[in-house]
Structures are given as structure tokens and as C-alpha cells.
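First the structure, in the form of C-alpha cells, and then the observations on it.
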Amino acid sequence: MCRIAGAISPSLQTGELAAFVHKMCLVQKHGGPDDNGSYTSAAFNGVLGHCRLSIIDLSEAGHQPMAYASPGNSYTISYNGEIYNYPELKSELVRQGYSFNTNSDTEVVMAAYDKWGTGSFERLNGMFAFALFDHGKNEVLLARDLSGIKPLYYAHTAQLFAFASEVRALKQVPYLDKENTNWQVYLMAYGHLPEPVTTLKDVQPLPKGSYLKYNIANGKSTTSTFERASYLEKISSRKDAVELIRQELLDAVQRHLLSDAPIGVFLSGGLDSGIIALLAAKKQQRLNTVSLYFDNNEYSEKKFQDELLKQFSCEHHQFLLSENDFHNSLQSIIKAMDLPCCDGINTWYISKYARQSGLKAVLSGIGGDELFGGYPSFNRIRTASLLSSLPDKMLKAGRFAQSKKLRRLCYLSIDGAVGKYLFLRGQFVPSDIAAHLGANEASVWKILEELPQLPNLEHLSAGNQASWLETNMYMQNQLLRDADVMSMAHGLEIRVPYLDKEFLKLVFKIQSDIKYKGKLGKQLLIDAFSSELPQSIWDRPKMGFSFPFKEWFGNSQYANTGIAQVDAAHIKLQNGQMHWSQFFTLMLLAFYGKE
């Protein structure tokens with residue numbers, strides 16, 4: 001797992017481009033502390049940069065940017081990711097006459113591209129974001145995995161074509177540092193920046209499951225989709241679904257344990273991480289697990305962690321997180337953010353302690369809630385659909401209500417998936433956003449109606465609509481982005497077996513009335529593993545992976561910004577009139593980019 005960067009220009013000198021790439025890599029060094037490198041192409045008038053976190057093939061042979069030559073062509077790549085099926089792909093390529101000089105998945109990616117072209121991207125089961133110089137075709141290719149687990153941002157202007165793993169890296173390029181003046185509106189509405197929105201005017205993410213071709217000769221770029229996840233409800237037997245989930249998730253976990261460096265599992269004490277740890281223990285003789293706990297029993301999951309630990313033998317690293325730790329780290333956490341988000345604090349801490357425990361990669365339970373119905377949105381999506389048919393005037397009147405949930409009714413006046421998502425998860429309504437930013441409310445509505453442009457979901461079942469929204473909005477823009485940037489802040493890689501491509505295909509085939517039906521949330525997933533997990537784990541109230549944030553933010557001296565609006569919100573937080581995530585969002589408006 002690494003960080004990548006690059007720049008190509010029709011007019012700038014390679015020396016200037018090399019200076020840009022050097023700065024981009026320097027800013028991203030935390031995500032690749034083990035090695036770094038660069039490659040300059042006079043023919044492309046471009047530079048590739050790389051910061052390496054060594055997970056597969058720890059030797060110098062894994063150094064990047066990496067070159068590969070076949071009888072008909074040659075390539076150079078800067079690659080960020082892990083391909084879990086690369087041993088199988090490598091064996092297939094060897095049978096077809098290919099030879100390899102390293103044990104890395106990086107070399108396999110290039111050989112696969114040489115053999116199958118862009119069709120090779122669909123064959124990759126893993127998380128990846130890479131830039132590849134195809135010397136024979138005089139093209140640069142960018143590609144990003146099916147679930148968008150790994151980030152990749154780019155800009156294409158008159159001066160240059162540039163890309164990096166982090167937006168702040170691209171901000172180092174003088175031609176690209178112009179701010180997107182709308183980002184604060186999106187942050188207040190969503191609590192994150194929904195793709196394709198970033199904080200920079202000319203910088204956008206490469207869509208997941210897509211590749212971009214940049215032609216050196218004419219300076220034009222085109223983006224194409226190579227794979228898209230679809231709901232195909234073919235599995236109608238609950239018994240078959242349970243058995244398939246058990247086997248496919250076990251296989252996915254085994255694939256995700258592939259590593260030449262120390263690897264472990266985040267163990268929160270909940271169902272999703274508990275299942276991952278249980279399955280990993282079957283494949284790993286002495287499993288490493290990492291957990292956080294608190295003195296406050298209202299938030300601590302230690303008793304559930306201890307119950308799980310009785311089920312398998314492991315090397316467990318358990319850390320007490322105190323309020324004092326929070327106050328000492330808050331400034332560093334905000335500084336670690338690439339794009340602002342009201343989440344990720346928990347991931348920053350668990351990643352810090354995992355790295356301190358000697359681990360370089362960990363498995364996480366992200367994805368279980370989104371795939372199997374673990375959020376309240378799965379019960380509320382039908383209500384959202386019914387309410388959305390009310391007249392816009394009536395819906396917008398909801399913004400005058402006292403209740404936060406009722407105030408969000410106004411968002412249903414935005415047609416389609418955007419309106420439903422903001423009704424379900426929105427933080428501030430447009431009137432509040434306008435008041436806080438000193439903007440016109442009509443302009444706020446216009447901004448939120450423009451982006452993101454989401455597909456029509458009406459053809460999906462209610463459960464799959466909720467799953468799509470949680471997967472493509474909340475998980476994509478918040479959980480996965482935070483998991484990447486907060487773990488890489490500590491030189492750690494987070495892996496997500498629930499998003500294994502083969503497992504995803506299976507889950508998307510299960511009929512909705514089987515997948516989401518049951519007395520408990522995620523009943524189908526529970527049924528698949530209830531005999532192996534303690535009842536206290538699956539038959540318990542959902543806590544989420546949370547901290548006593550309200551109290552800690554309320555006591556934070558750093559949170560007293562000296563900015564009147566934020567300090568007023570701090571008082572509301574302390575009085576119980578504002579959720580901590582809303583307050584943190586307002587804090588970010590004051591602090592983001594100024595650390």
C-alpha cells in the first residue's frame with residue numbers, strides 16, 4: 001500500500017514537473033514511509049512519483065515506479081493497492097509464456113495489462129489505484145478499483161495533467177491550488193464531500209470501477225467504466241444464501257490475509273469485526289487483534305471484545321483511550337485529514353495503536369452494515385419514498401420544525417437519490433447552511449441540486465435502495481475515505497473483506513426479502529455465523545464504533561475557536577442542543593486547511 005503522484009505537460013519542462021511531483025510525494029510521505037522513487041520520461045514529458053509502504057515482496061525488487069517489458073511493449077507504473085488474486089493471475093500468465101523478476105503484485109498488474117489490455121482491470125480482485133505509462137501506445141492510464149477503496153484524484157488543465165492519492169498533494173501544484181468555493185456547503189449538508197466534489201476547483205476523483213486514458217500526442221483524456229456492481233436477485237433460497245455467505249466470506253478473509261508483513265484484525269466487539277476475526281483465526285495460527293476500550297461503560301465494548309477473545313487463540317492488543325488522549329491528539333487528527341469529514345477520529349486512534357503494535361496491515365468490518373441492512377435507513381427508506389411524493393411547498397416547510405429529523409423533510413424536495421440520502425443522513429438544512437456561511441439560501445439549494453448526480457434507484461427494492469445509498473454515499477465518501485487517510489497517516493493499510501469482489505457479487509444476487517428480513521438487523525449474516533459467535537455478540541443493541549465525543553468535545557479547550565458562530569455551537573453541544581458530529585463539522589469549517 002502506497003501513495004502515488006505524477007504530472008505530464010505539453011508545455012512545462014520536465015524539471016519543473018519533477019519539482020511538483022517531489023512536493024506531492026513529500027506531502028504524502030506518511031502513506032509510504034518505507035521507500036520512495038521517481039521516474040522521468042522525456043518522450044511523455046512527464047514524471048511519476050511513488051511513496052512505498054511494503055506489504056507484498058518486502059525486498060528492493062518491489063521498488064517503484066516499476067518498469068516491465070514484454071516482446072511487444074514496455075510499461076512503467078506507480079501503483080497503490082493489493083491484488084488478492086495475483087498468485088492465480090500470475091500462474092495463468094506464466095502458463096501463457098510470461099516471466100517475472102519479482103514476487104510483487106505490481107509486476108502482475110503490468111503483465112496482465114500487456115496480455116488483456118484494459119480488460120485486465122476487471123480480472124483484478126482487490127483494492128487499487130495506479131498510473132501506468134504505456135510506452136508503445138503513447139498513453140497514460142489511471143485506474144481505480146470497483147468499490148473505490150483506494151483514492152485517486154486528478155486534474156486536466158491547459159498547463160498539465162496531474163494525479164495523486166491525496167487532494168492536498170495536488171494543492172502543491174501552483175496551477176491547481178484554486179479553491180472550490182462550494183465545498184463548505186457540501187460539508188455542512190453531508191458531513192463529508194460527496195464525490196466528485198473536492199476542496200479544489202480543478203481536482204476531481206477518478207470514479208470507482210473506471211479507467212482514464214490520457215493521450216500524449218493530442219493531450220486529450222477519456223474516462224470509461226470497466227466494471228459496475230449490480231443487484232441481480234437470483235438466489236431465492238435462504239438456506240443456500242446462508243451456506244454461500246459462510247463459504248464465500250471465509251474465502252474472502254483468507255485472500256485478504258495475504259501479506260509478507262505483520263497483519264491483524266480490528267476487533268471492536270461488534271458483529272461485523274467479530275465475524276472477520278473468527279474467520280481469520282481459522283486461517284492464521286496466531287492472529288493479531290487490536291481493540292480500543294474506554295473507562296465509560298456507556299461506550300466501552302470491552303466486555304464484548306473479551307467474549308470474542310474466548311473463541312480463538314490470538315495475540316490481542318487492547319488499548320484504553322482516555323479523554324486526555326483525545327484532547328492531546330485532536331489537532332493532529334484534523335491535520336491528518338485530506339478532505340474534511342465529520343468522522344474518522346476513531347480510525348485515527350485504532351490505526352495508531354495497530355502500528356504501535358508492530359502491524360502494517362489490518363482487516364476491518366466495514367461493509368457489513370451496508371450490505372446486510374445494519375442501519376436505521378433500511379427501515380426508514382419506505383417512509384422516505386412515501387413522503388417524497390408530498391408537494392415541495394409542504395416538504396420545504398419542514399425546515400421550520402424543531403426536530404432535526406423533521407427539519408430534514410425539506411431535503412425530499414430534491415428529486416431522486418440525493419434528496420432521500422440527505423433526508424436520511426443530512427446534517428444541516430439549507431437555511432442553516434446559508435445562515436452559518438452568510439450565503440443566500442436559494443444559492444445553497446442550487447449548489448446541492450447540481451452535485452452529485454446519482455442514478456435513478458426506483459427500479460430497486462426498498463432494501464436495495466437503502467443499501468445502494470449507504471454503500472455509494474456514506475461508506476464511499478465517509479467510511480472508506482476516512483479508513484484510507486487515517487490509517488495511512490500512521491503508515492498502516494486497512495483491508496475490507498466484506499468488499500471482496502467475489503463476496504460482493506454473491507451478496508448482490510440474494511433476493512431482498514431474504515437478505516433484509518428478520519427480527520434483528522443483519523439477520524441473514526447473523527444466521528450464517530450465529531452457531532460460532534457468542535449470543536451476546538449478535539443479540540445486542542447496536543453501538544457502532546463510537547467514542548464519548550459529546551462529552552469530550554464539550555470539555556475541549558481547542559474546540560473554543562474564538563469564532564462567534566462556532567463558540568455558540570459549542571454551548572449548544574454542551575447543552576445537548578447539537579449532535580457532536582454537527583459541532584465537529586463547524587469546527588472543520590474553522591480549522592481545515594489552516595493546520
Please check this pair: side chain of [X] against backbone of [Y], looking for a donor-acceptor N/O pair closer than 3.5 Å.
X	Y	value
D500	E502	yes
Q305	G269	no
D432	F428	no
D145	M127	no
Y349	D325	yes
E166	D338	no
S403	K405	yes
S329	S332	no
N477	E195	yes
R407	G398	no

Ring-face cation of R144 near F226 (centre distance under 6.0 Å, axis angle within 45°): no
Over-ring placement of K396 relative to W445, 6.0 Å and 45° cut-offs: yes
Y190/Q478 under side chain to side chain donor-acceptor pair (under 3.5 Å): CA gap, chis, key distance, verdict: CA-CA 10 Å; Y190 288 88; Q478 192 158 313; over 6 Å; no
Lys/Arg-Asp/Glu bridge criterion (N-O < 4.0 Å) met for [X], [Y]:
X	Y	value
D272	K522	yes
D202	K178	no
E470	R425	yes
K171	E179	no

Looking at [X] and [Y], what are the two nearest heavy atoms and their distance?
X	Y	result
P207	T223	CD-CG2, 4.4 Å
P497	A252	O-CB, 3.8 Å
L424	R408	O-NH2, 3.2 Å
L200	L170	CD1-C, 4.3 Å
C341	D482	SG-OD2, 3.3 Å
T347	A483	CG2-CA, 3.9 Å

Distance, nearest 0.5 Å, that separates [atom1] of [X] from [atom2] of [Y]:
X	Y	atom1	atom2	answer
N80	L152	CG	CG	8.5 Å
D527	F372	CG	CZ	11.0 Å
N560	M587	CG	CE	9.0 Å
L409	L390	CG	CG	8.0 Å
K446	E441	NZ	CD	15.5 Å
S236	D513	OG	CG	8.5 Å

Assign the ring pair [X] / [Y] to parallel, tilted or perpendicular, where the plane angle (0 to 90°) is split at 30° and 60°.
X	Y	value
W552	F326	tilted
H490	W348	perpendicular
F508	Y231	tilted

Pair L533-L271, side-chain contact (heavy atoms from CB on, under 4.5 Å): steps then yes or no: CA-CA 9 Å; L533 287 168; L271 175 70; 3.6 Å; yes
I want to check something: taking the side chain as every heavy atom from C-beta on, are [X] and [Y] in contact at a cut-off of under 4.5 Å?
X	Y	value
K572	Q582	no
S165	M488	no
N182	V197	no

Do [X] and [Y] pair up side chain to side chain, a donor and an acceptor below 3.5 Å, judged on atom types alone?
X	Y	result
S291	Q318	no
H192	D343	no
Q523	K517	no
S487	S351	no
N464	E233	yes

Check against side-chain contact (heavy atoms from CB on, under 4.5 Å), V253 and I276: CA-CA 7 Å; V253 169; I276 297 299; 3.9 Å; yes
Audit row: V203, Y154, side-chain contact (heavy atoms from CB on, under 4.5 Å) steps and yes/no: CA-CA 6 Å; V203 173; Y154 74 96; over 6 Å; no
Decide if the gap between the ring center of [X] and the ring center of [Y] is smaller than 6.0 angstrom.
X	Y	value
Y293	F319	no
F378	Y516	yes
Y421	W468	no
F583	F549	no

Full working for side chain to side chain donor-acceptor pair (under 3.5 Å) between N180 and T199: CA-CA 5 Å; N180 171 9; T199 52; over 6 Å; no
Stepwise side chain to side chain donor-acceptor pair (under 3.5 Å) test for S385 and K420: CA-CA 8 Å; S385 296; K420 287 183 180 178; 2.9 Å; yes
Exceeds 12 heavy-atom contacts within 6.0 angstrom, atom CG of D415: no
Neighbour count above 12 (heavy atom, 6.0 Å) for Q577 CD: yes
Evaluation steps, side chain to side chain donor-acceptor pair (under 3.5 Å), between S467 and E370: CA-CA 5 Å; S467 178; E370 291 79 4; over 6 Å; no
Full working for ring pair (Phe, Tyr, Trp, His ring centres under 6.0 Å) between F584 and F553: CA-CA 8 Å; F584 190 36; F553 272 121; 5.2 Å; yes
Any residue meeting side-chain contact (heavy atoms from CB on, under 4.5 Å) with V27, in chain and number order, not counting sequence neighbours: R168, Q172
From CA spacing to verdict: ring pair (Phe, Tyr, Trp, His ring centres under 6.0 Å), W183, Y592: CA-CA 11 Å; W183 73 263; Y592 172 77; 5.4 Å; yes
Residues L525, F529; criterion side-chain contact (heavy atoms from CB on, under 4.5 Å); working and verdict: CA-CA 7 Å; L525 186 62; F529 297 100; 4.0 Å; yes
